[in-house]
Amino acid sequence: NAGVMQNPRHLVRRRGQEARLRCSPMKGHSHVYWYRQLPEEGLKFMVYLQKENIIDESGMPKERFSAEFPKEGPSILRIQQVVRGDSAAYFCASSPGGLAGVYEQYFGPGTRLTVT
Amino acid sequence: AQSVTQLGSHVSVSEGALVLLRCNYSSSVPPYLFWYVQYPNQGLQLLLKYTSAATLVKGINGFEAEFKKSETSFHLTKPSAHMRDAAEYFCAVSGNTPLVFGKGTRLSVIA
């Protein structure tokens, strides 16, 4: 059973460009979480999605960031008009259920975004 | 609301010595508590979790943690450090809300 896959692993964007980060959950998992990790910081929750639904986006910046998890295909985290402060590692996790305390979240290797 | 404080951003131990990584939490509901390990350029791997069963939780790689409600703590220990334990360790809490992580503790193991 393949683990959570993220691509690309490294992404370089110039200020003002768009960044698209992809996450394929583990087989059988329909719950996806996105986290951001800034240098010297822990992971910060961004958004929680189920297939075709955003369940909790309380951690998402109000502008330029969006996420989706379509019926078919990977989950996408999209950052429009990137700025230097968006440089970070973005991790995706998937789980078979939505209760964070009950269902283990399995993490992908992350996408390291660098904005120049 | 939940929060986590990890005391010590960097801990250094000798190989074979006791490992103790500290975590204190705050939660308005009975918490679920987790310890994750992150190796360089990799994602997080679950070491162990507390879900209101036994207060002493055993995890992978010889790690264990004890839930102490009176102290709001969930410290991670390992009796004897190995070089391969060098990594970043994160404590996290959830009250069936999204995981809230501490800032992490980097463990160095000296030969």
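Below, read A as the first sequence line, B as the second, and so on, with proteins coming before strands; counting in each chain starts at 1.
Hydrophobic clustering keeps A:Leu11 apart from A:Val83 (ILVMFWY residues linked when any side-chain heavy atoms are closer than 4.5 Å, directly or through intermediates). When hydrophobic clusters are built by joining Ile, Leu, Val, Met, Phe, Trp and Tyr residues whose side-chain heavy atoms come closer than 4.5 Å, directly or via intermediates, B:Tyr50 is grouped together with B:Val4. Taking hydrophobic clusters as Ile, Leu, Val, Met, Phe, Trp and Tyr residues chained together by side-chain heavy-atom distances below 4.5 Å, B:Tyr32 shares a cluster with A:Phe107. Hydrophobic clustering of Ile, Leu, Val, Met, Phe, Trp and Tyr side chains at less than 4.5 Å, counting indirect connections, unites B:Val11 with B:Phe63.
When all heavy atoms are compared, the tightest approach of A:Gln105 to B:Tyr36 is O-OH, 3.9 Å. The two residues B:Asn41 and A:Arg112 make their nearest non-hydrogen contact at CA-NH2, 3.5 Å. Listed here is the closest heavy atom pair of B:Lys49 and A:Glu104: NZ-N, 4.3 Å. Nearest approach of B:Phe90 to A:Glu41, heavy atoms of both residues: CE2-O, 4.2 Å.
Judged as a disulfide bond (SG atoms under 2.5 Å apart), the pairs with a partner in residues 17-72 of chain B (not counting sequence neighbours) are, in order, B:Cys23-B:Cys91.
Atoms OH and CG, from A:Tyr106 and B:Leu44 in turn, are 14.0 Å apart once rounded to the nearest 0.5 Å.
Residues A:Lys44 and B:Val100 have side chains not in contact (no heavy-atom distance under 4.5 Å, counting atoms from C-beta outward). Residues A:Phe45 and B:Phe101 form no side-chain contact, since every pair of their non-hydrogen atoms from C-beta on lies 4.5 Å or further apart.
At a 4.5 Å heavy-atom cutoff, the contact between B:Gln38 and chain A is made by side-chain atoms alone. Heavy atoms of A:Phe91 lying under 4.5 Å from chain B belong exclusively to its side chain. Only the side chain of A:Tyr35 comes within contact range of chain B, with heavy atoms under 4.5 Å apart. Neither the backbone nor the side chain of A:Gln6 comes within contact range of chain B, judged by heavy atoms closer than 4.5 Å.
Environment of NZ in B:Lys58: sparse, with no more than 12 heavy atoms of neighbouring residues, nucleotides or ligands closer than 6.0 Å. Within 6.0 Å of CE in A:Met60 there are more than 12 heavy atoms belonging to other residues, nucleotides or ligands. Around atom CD of A:Gln81, no more than 12 heavy atoms belonging to other residues, nucleotides or ligands sit under 6.0 Å away.
Put simply, of A:Ile55, A:Asp56, A:Leu43, the one with the most heavy-atom pairs under 4.5 Å next to chain B is A:Leu43.
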